[in-house]
Amino acid sequence: MSRIAGAPDSVRTAILPVAGLGTRFLPATKAVPKEMLPVAGRPLVQYAVQEALDSGIERVVLVAAPGRDLALRHFARDQELEAALAARGRSQAQAEVRMLATFGERLTAIEQAEPLGLGHAVGCATRALGPGPYAVILPDDLVLGHAPCLRQLLDVHDRLGGTVLAVTSLPPEELRNFGVVAPGVDDGIVVEVQGLVEKPAPGSEPSQLAVVGRYVLSPEVCAALPTLAPGAGGELQLTDAIAATIGTTPVHAVRFEGRRFDCGNPTGMVAAGVAVALADAARSAAVATSVRALLSGMDGEQA
Ligand code: UTP
């Protein structure tokens with residue numbers, strides 16, 4: 001594995017790009033931004049902010065489309081609601097609403113005027129914030145596991161510096177939708193990245209290791225963002241900025257522990273909702289019964 005000279009700068013800020021059009025989720029995303037769609041009762045953005053803070057991140061910056069910063073309201077203090085919940089004895093709900101406001105103290109938003117691609121969205125943030133390093137979480141990739149996925153990447157960054165990507169092994173037919181890694185030295189968990197291709201043509205994939213929505217970006221990647229030219233799909237691709245630094249700055253991929261759900265499409269979100277509910281001790285038995293009943297062709301209510 002290649003190492004960066006000296007101790008790597010610690011990563012204090014996470015960027016959450018949420019300014020995409022969310023076309024795979026229309027019509028739901030016509031009025032409601034995708035990051036506000038719920039998985040088992042909580043919006044996607046709440047899982048992402050929770051993961052960032054659980055990973056030791058101090059500040060979260062949303063990159064939102066103009067006028068679509070509903071997430072800021074989700075994390076704003078609402079004393080009237082807290083009082084109403086207290087009056088009804090709903091102490092658990094009150095505590096969660098209060099907790100959201102403490103998350104909100106760490107949260108700001110900036111605008112991406114036009115959805116020109118993920119590389120452009122991250123570039124809008126780094127232009128405002130400075131040279132980096134930064135963590136990036138895409139809220140529509142939900143990862144459930146014991147250790148927060150971003151924390152696993154940060155641990156590798158603490159050791160090796162540079163850029164660190166989350167990867168998962170996918171079947172060949174799915175790789176055309178992802179950035180795919182050309183691997184070098186591989187210890188079974190951490191993989192040296194020798195090349196990176198966004199949305200490879202079928203048959204040209206360098207491996208089955210697909211990049212999913214967690215990154216630690218080196219200052220060199222941040223510096224490459226303003227120079228991006230349109231790439232795959234005509235968009236400014238974050239993958240291309242990372243690829244431009246390979247050979248000069250360490251880039252590693254991590255086979256993270258945890259299960260990833262693609263909540264950018266309705267099927268993935270349904271699966272994530274069932275997984276979250278099954279992991280919740282208060283709900284798991286009832287949900288398991290309903291799922292079993294559905295799978296065996298019966299109506300869950302009658303089971
Ligand atoms: P996606 O590739 O899922 O695109 O973006 P999308 O527009 O949200 O969804 P579809 O494909 O049209 O259904 C991955 C992440 O990058 C953000 C998205 O909001 C999502 O969190 N993104 C994408 C931006 O913030 N700006 C962009 O220009 C593009």
Side-chain angles (χ1 to χ4, degrees), residues 14-39 43-52 60-72 74 107-129 134-143 149-150 165-168 170 174-180 196-200 210-215 217 221-222 225-226 228-242 260-270 272:
I15 298 167
L16 270 55
V18 294
L21 291 175
T23 54
R24 286 168 296 157
F25 238 118
L26 284 167
T29 47
K30 186 162 176 280
V32 179
K34 184 167 59 176
E35 70 278 9
M36 294 308 295
L37 298 179
V39 169
L44 280 171
V45 70
Q46 186 174 330
Y47 292 92
V49 171
Q50 178 95 53
E51 180 181 327
V60 176
V61 179
L62 292 173
V63 183
R68 304 261 288 186
D69 56 0
L70 210 57
L72 285 184
H74 181 69
L107 196 69
T108 52
I110 62 157
E111 273 187 10
Q112 182 189 22
E114 274 183 275
L116 299 178
L118 178 58
H120 180 257
V122 176
C124 290
T126 57
R127 197 173 55 224
L129 295 168
Y134 295 108
V136 174
I137 295 182
L138 306 187
D140 47 5
D141 270 332
L142 182 61
V143 183
C149 183
L150 179 61
L165 316 170
V167 288
T168 192
L170 290 179
E174 290 183 31
L175 294 170
R176 72 186 70 177
N177 300 316
F178 291 83
V180 180
L196 204 52
V197 192
E198 182 64 31
K199 300 187 174 53
V211 179
V212 299
R214 304 291 182 278
Y215 309 77
L217 301 179
V221 171
C222 300
L225 290 170
L228 276 175
E235 296 195 337
L236 301 180
Q237 297 287 356
L238 180 58
T239 302
D240 293 343
I242 299 168
R260 171 226 169 223
F261 295 88
D262 178 5
C263 295
N265 70 70
T267 311
M269 189 174 269
V270 169

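What you see is a predicted model, and the numbers here were worked out from it, not measured in a lab. Side chains are part of it too, since the values below use all heavy atoms of this structure and drop only hydrogens, waters and symmetry mates. Atoms within each ligand, like the ligands themselves, are counted from 1 in listed order.
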Looking only at heavy atoms, is any part of [X] under 4.0 Å from ligand 1, and if so is it the side chain, the backbone, or both, or is it neither?
{"X": "Ala19", "result": "both"}
{"X": "Glu235", "result": "neither"}
{"X": "Leu116", "result": "backbone"}

Of the protein's non-hydrogen atoms, which lies at the shortest distance from [atom], and what is that distance?
{"atom": "atom 7 (O) of ligand 1", "answer": "Leu21 N, 2.9 Å"}
{"atom": "atom 5 (O) of ligand 1", "answer": "Asp140 OD2, 4.5 Å"}
{"atom": "atom 3 (O) of ligand 1", "answer": "Arg24 NH2, 2.9 Å"}
{"atom": "atom 12 (O) of ligand 1", "answer": "Thr23 OG1, 2.5 Å"}
{"atom": "atom 19 (O) of ligand 1", "answer": "Gly20 N, 2.9 Å"}
{"atom": "atom 8 (O) of ligand 1", "answer": "Lys34 NZ, 2.8 Å"}
{"atom": "atom 17 (C) of ligand 1", "answer": "Pro17 O, 3.7 Å"}
{"atom": "atom 16 (O) of ligand 1", "answer": "Leu118 CD1, 3.6 Å"}

[X] to ligand 1: N or O pair under 3.5 Å?
{"X": "Ala121", "answer": "no"}
{"X": "Pro139", "answer": "no"}
{"X": "Gly22", "answer": "yes"}

If hydrogens are left out, which of Gln112, His120, Arg68 has an atom nearest to atom 26 (N) of ligand 1, that is, the closest non-hydrogen atom?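 Closest candidate by heavy-atom distance is Gln112.
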Heavy-atom distance to atom 29 (C) of ligand 1: which of Cys263, Ala125, Gly117 wins?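 The nearest heavy atom belongs to Gly117.
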Shortest non-hydrogen contact from [X] to [Y]?
{"X": "Val197", "Y": "Thr239", "result": "C-CG2, 4.2 Å"}
{"X": "Cys222", "Y": "Tyr134", "result": "SG-CD1, 3.8 Å"}
{"X": "Leu236", "Y": "Leu228", "result": "CD2-O, 3.7 Å"}
{"X": "Arg24", "Y": "Lys34", "result": "NH2-NZ, 4.0 Å"}

Is the shortest side-chain heavy-atom distance between [X] and [Y] below 4.5 Å?
{"X": "Tyr215", "Y": "Leu138", "result": "yes"}
{"X": "Val39", "Y": "Met269", "result": "yes"}
{"X": "Leu72", "Y": "Leu107", "result": "yes"}
{"X": "Leu37", "Y": "Pro43", "result": "no"}
{"X": "Glu51", "Y": "Cys149", "result": "yes"}

With heavy atoms of Pro115 as the reference, note each atom of ligand 1 found under 4.0 Å away.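 So the answer, numbered in order with elements, is 28 (O).
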Using a strict cut-off of 4.0 Å, indicate which atoms of ligand 1 neighbour a heavy atom of Val18.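 Listed by number with element: 19 (O), 25 (O).
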Do other residues, nucleotides or ligands put more than 12 heavy atoms under 6.0 Å from the CD atom of Glu114?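 For Glu114, atom CD is not crowded (no more than 12 foreign heavy atoms under 6.0 Å).
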Could you check Ile110, Leu225, Leu116 and say which one makes a side-chain contact (heavy atoms from CB on, under 4.5 Å) with Cys124?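 Exactly one candidate clears the test, Ile110.
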